[in-house]
Amino acid sequence: MSIYAAGGDDYHIRATGQEVFDVSGAGDTVAAILSTGLSIDASLLACACVANLGAGIVVRKVGTAVVHPDELRQSVVQSLVTESGPQALSLERIVECVRLW
């Protein structure tokens with residue numbers, strides 16, 4: 001997923017490797033999670049990252065499916081651990097994680 005912010009910055013969020021069963025509804029999931037996050041004033045980049053994780057959950061399911069809150073929370077936490085590894089997180093990153101949770 002690519003984000004092109006109004007300030008000129010661009011971000012490219014990689015999809016995690018998934019065994020894809022069905023892509024039906026992945027775009028709808030992205031739109032729903034992204035718009036929900038934006039409606040509570042979360043940053044565009046944070047919303048896009050969480051929406052990307054939500055789409056990853058949906059494509060692992062057969063047919064059109066929903067992402068349950070616990071699945072999304074687990075995916076966010078897992079991505080933070082995978083991303084940061086065993087080293088300490090910066091204060092800025094911790095604040096962003098708390099906002100996501």
Side-chain angles (χ1 to χ4, degrees):
M1 179 181 306
S2 294
I3 301 296
Y4 298 94
D9 294 331
D10 59 304
Y11 303 94
H12 305 285
I13 305 162
R14 300 191 119 191
T16 56
Q18 305 292 333
E19 185 173 332
V20 177
F21 293 107
D22 194 336
V23 297
S24 300
D28 294 337
T29 299
V30 167
I33 294 173
L34 188 71
S35 60
T36 300
L38 292 174
S39 75
I40 59 167
D41 293 326
S43 73
L44 177 60
L45 182 57
C47 294
C49 289
V50 175
N52 195 41
L53 292 171
I57 293 167
V58 166
V59 299
R60 291 192 306 258
K61 299 179 180 185
V62 177
T64 54
V66 298
V67 176
H68 297 280
D70 288 342
E71 292 175 303
L72 192 55
R73 277 191 288 274
Q74 182 179 7
S75 185
V76 168
V77 170
Q78 186 176 10
S79 75
L80 293 172
V81 171
T82 303
E83 231 178 69
S84 62
Q87 68 268 20
L89 297 174
S90 69
L91 178 59
E92 182 179 291
R93 184 71 172 152
I94 290 170
V95 169
E96 188 66 27
C97 292
V98 170
R99 285 182 62 196
L100 288 173
W101 296 336

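Side-chain atoms are counted along with the backbone in the values below, which use heavy atoms only and exclude waters and symmetry mates. Starting from 1, each residue takes its place in the sequence as its number.
What you find for Leu38 and Ala42 is that their closest heavy atoms are CD2-O, 3.8 Å. The heavy-atom pair separating Ala55 from Val30 by the smallest distance is CB-CG2, 3.6 Å.
Hydrophobic clustering of Ile, Leu, Val, Met, Phe, Trp and Tyr side chains at less than 4.5 Å, counting indirect connections, unites Ile57 with Ile33.
Tyr11 is linked by a ring-ring contact (aromatic ring centres under 6.0 Å, His included) to nothing, counting only residues two or more places apart in sequence or in another chain.
Between Arg60 and Glu71 there is no salt bridge, since no side-chain nitrogen of the basic residue lies less than 4.0 Å from a carboxylate oxygen of the acidic one.
Judged by distance alone, with hydrogens and angles left aside, the side-chain atoms of Ser75 form no donor-acceptor pair with the main-chain N or O of Leu72 at under 3.5 Å.
Within the structure, side-chain hydrogen bond (donor to acceptor under 3.5 Å, both in side chains) pairs that include any residue of residues 21-34 comprise Asp22-Ser24 (at least two apart or interchain).
Here the options are Val50, Ile3, Asn52, Leu44, the test is side chain to side chain contact (heavy atoms under 4.5 Å, CB included), and the partner is Leu34; only Leu44 passes.
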